[in-house]
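First up is the structure itself, then whatever we jot down about it.
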Amino acid sequence: MTDRDDVNADEKNVKIFVRILPLERYCESCAKIDAGRKKMYVRCLQEMQPNRRVTWSKPSYWCFPTDGIFCDSSQEEIYRVSAEDLVSKILAGVNCVLMGYGQTGSGKSFTISGIRNNWEHRGLAPRLLSHMFAEKENRREISKIEYRVSFVELYGKEAKDLLVSGLNNKVRINEREPFKDISVVCMNDEKEGLKKIFEGEARRSIAKGSIYPASHLASSVITFHVSNMSLITSWGVVTTAKIHIVETAGTGTPGRICWKTASDLGMANLTKTQLEQFFSCIGNSTSSAISVIRSSNLLKILGSAFSVSSAVRFISHVRLTEEDLDVTLSTLRFTTKVARLKPVKMKKDIKFTPDSLMYRLQSEVNALKKELLLNDLFLRQETLTNISRSRVEQINRGIVNFLNDKISDFTLFSVSQAQVLLKCIKDLYNRLTAKECEVDKLKETYDNLMKSMPEGSASLSLLEKPVFSIDDNQINNRKRVRNSAQFRLEAEEVRKETGREVGSLDKSRIGVTLGPYLEDEVSSLETSEQILKINTQNMVPVREMFERFLKEEIVYAKIKEAYDKNEKTLAIVREGFSSTIDKYYQAKKNLGDACDKLSKHRQIRQFLELKSEGNEVILGMEKIIESDILCLQKLLANLEQELDQAQNRINVLSNQRFEMSSKLEFGFREYCKEKNFLLHYTERSMKMLLESIKIESMDVIRKKYMKFQRAMLRKTEVGRSKKARLDCKGK
Ligand SMILES: Nc1ncnc2c1ncn2[C@@H]1O[C@H](COP(=O)(O)OP(=O)(O)OP(=O)(O)O)[C@@H](O)[C@H]1O
């Protein structure tokens with residue numbers, strides 16, 4: 001489309017013209033034309049009646065304003081004034097109607113078709129065709145223009161397809177689709193179009209006995225179907241329009257000298273009446289033209305093109321003779337009705353080309369998709385149930401990968417997916433927080449334990465009952481030794497009561513102070529040859545002395561024997577305790593894993609709750625895990641009981657061991673005094689003499705034991721806090 005094609009909205013789209021048939025002698029008194037050839041004055045019919053004819057001092061005229069009066073005008077001029085602008089309009093998508101109307105023999109066929117075999121006097125239809133193809137050529141680069149043609153003849157309710165040869169060319173005009181049964185033929189060039197028009201012309205019905213070559217009995221409609229597709233992609237439009245070139249059947253008055261029958265004239269007059277009715281209806285907004293349209297094949301074919309929103313050119317043909325004055329007046333009155341129609345803006349039939357339409361629709365679809373996505377995001381329209389199980393798993397994997405830095409971005413497409421993400425993160429957070437709390441509690445418990453526990457096993461109490469018995473015969477046989485041992489044992493009891501002062505001896509008797517806690521005194525004796533320090537280098541003579549002591553002191557030998565037995569038992573119990581602790585922690589770990597697994601399954605089941613599929617499988621798995629958890633809890637309870645028992649046993653054995661060790665230490669010290677074998681020993685001295693198990697393994701067991709003790713303490717604390725909470729809620 002170009003600016004030139006753009007139809008001016010203010011332009012008058014309905015125009016009427018009058019063409020006066022050239023005659024040898026006009027009736028000058030019948031009509032007058034103004035100098036501008038826009039107004040036609042027709043004498044009042046009464047004044048021209050032969051029986052009433054008088055000399056009128058001032059003749060009366062009917063005035064008919066027009067858009068142009070053609071008198072002795074050439075075909076070229078008529079085309080230029082009345083129809084030339086229609087070509088641009090139809091190419092712009094405006095429907096057009098060019099109608100030749102008037103009395104029989106007034107020159108309608110001459111105007112529309114022209115004289116056959118005379119190119120100079122060709123009519124409006126061939127000129128329009130030439131112009132259309134010229135325009136097609138002009139716009140070849142920017143537009144793809146296609147022309148088709150149809151040609152029908154209408155006589156009353158009958159319709160003939162003039163482009164179909166033979167007698168079987170009658171067609172039915174459908175109101176909605178008037179061209180459904182009519183052949184519409186492509187015109188690739190002007191010649192082809194002209195050929196079709198001439199073929200159709202030749203098939204028209206003509207009256208016999210006319211004084212001129214062809215007096216047509218019926219109305220005819222040549223329709224050029226125009227399609228104009230823009231080749232400029234940015235415009236991307238296609239316009240479609242029709243131009244109907246109508247030549248109505250010549251009207252007349254039956255009874256006068258005419259070659260047409262009364263029936264033919266009646267049919268022609270009926271067409272005129274229907275057109276008048278139609279224009280009355282469209283000029284009057286209150287009445288509907290539908291019934292009129294249904295009654296006329298011409299109006300059906302013209303359809304929407306014959307309206308005030310189309311370009312309508314109405315050319316009335318008149319013969320200015322005295323006898324035709326009444327028909328002339330009638331014709332011009334009809335013309336005036338058309339001229340009174342209020343002009344409106346012309347309608348253009350513009351469609352987007354399929355490609356551009358597709359492109360536009362695709363863009364619209366994309367925009368709508370984006371909008372929907374935003375709606376999902378902001379209005380939370382998407383529900384969790386819309387997310388498939390695999391998608392949930394994928395989101396879980398994505399989160400883990402994101403947290404492990406395996407992926408840099410994690411994209412979510414909806415609020416629901418974000419909800420899944422939040423749930424996963426929340427689970428992770430809860431687990432981390434629980435671990436953190438556990439660590440804090442462990443730390444706290446450890447600190448408390450460290451504070452409350454003095455070095456060594458100070459809390460261990462001595463056994464009230466002796467752990468061994470001495471044979472009476474042995475006592476009698478070794479009375480001296482027994483008395484001495486008894487004395488030492490009693491002295492040991494005293495030492496326990498007086499604590500660490502027991503090591504202070506009478507200086508006047510021995511001359512030295514013996515004991516581990518009087519370092520200053522010991523250091524003063526370090527120079528003495530008699531003092532033998534117990535350490536790894538000088539263990540051999542001490543051990544020999546200790547062995548002699550055990551041989552000579554039977555009571556202590558028994559104690560040593562019981563001590564060894566106790567140590568072995570203690571070692572076995574400790575080993576058992578160690579492996580039970582291992583089992584306990586393993587079971588505890590398994591229980592934690594099972595609980596995690598169960599909560600994971602429950603989460604998955606929550607997602608699948610509304611979709612029944614897979615729920616039963618997960619429920620079954622949950623039951624298995626729950627039974628596992630119960631077993632593990634029982635196992636843990638059993639192991640705790642076992643450990644408790646082992647712990648008690650260890651305590652008992654340790655106390656016995658400590659008791660015996662103290663007795664042996666005291667006895668050996670006394671024995672050394674008697675033998676003048678002075679020992680300088682630390683707290684570990686006796687341990688070194690008595691120890692038979694590895695210190696390292698003892699350390700490991702001790703650590704495990706302490707860990708277990710902490711765990712038990714924690715458990716007790718958690719139980720207490722739970723109870724306190726329940727009490728608060730109860731209150
Ligand atoms: N402007 C004109 N100049 C010269 N001759 C004309 C002109 N108009 C009509 N004629 C001639 O008048 C005769 C009748 O014209 P035409 O056939 O066009 O009339 P018509 O209105 O179509 O008649 P009908 O209604 O019977 O078909 C023809 O011989 C035609 O050549």
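Just so you know, ligand 1 is whichever comes first in the structure, and atom 1 is the first atom listed for that ligand.
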*asked:* Checking L23 now: which residues fulfil side chain to side chain contact (heavy atoms under 4.5 Å, CB included) with it, not counting sequence neighbours?
replied: L21, Y26, R319, T321
_salt_bridge(R127, E84) N-O dist < 4.0 Å_ = no
*Looking just at side-chain N and O atoms, do Y212 and S215 make a donor-acceptor pair shorter than 3.5 Å?*
yes
_Those residues that, when tested against C96, pass disulfide (SG to SG under 2.5 Å) (two or more places apart)_ = none
Atom pairs and distances, donor-acceptor, side-chain atoms in residues 176-186, under 3.5 Å, two or more places apart:
residue, atom, partner, partner atom, Å
S183, OG, D161, OD1, 3.1
S183, OG, D161, OD2, 2.6

*asked:* One thing to verify: whether E247 and R204 come together as a salt bridge, which I'm taking to mean a side-chain N less than 4.0 angstrom from a carboxylate O.
replied: yes
Tabulation required: pairs of a nitrogen or oxygen in ligand 1 and a protein nitrogen or oxygen under 3.5 Å; columns are atom names and distance to 0.1 Å; otherwise 'none'.
residue, atom, partner, partner atom, Å
ligand 1, 1 (N), R19, NH2, 3.4
ligand 1, 18 (O), S109, N, 3.2
ligand 1, 18 (O), F110, N, 2.8
ligand 1, 19 (O), G107, N, 3.2
ligand 1, 21 (O), G105, N, 3.3
ligand 1, 21 (O), S106, N, 3.1
ligand 1, 21 (O), G107, N, 3.1
ligand 1, 21 (O), K108, N, 3.1
ligand 1, 21 (O), K108, NZ, 2.9
ligand 1, 22 (O), S109, N, 3.0
ligand 1, 22 (O), S109, OG, 2.7
ligand 1, 23 (O), G105, N, 2.9
ligand 1, 23 (O), Y212, OH, 3.0
ligand 1, 25 (O), K108, NZ, 2.9
ligand 1, 26 (O), Y212, OH, 2.4
ligand 1, 26 (O), S215, OG, 2.4
ligand 1, 27 (O), H216, N, 2.9

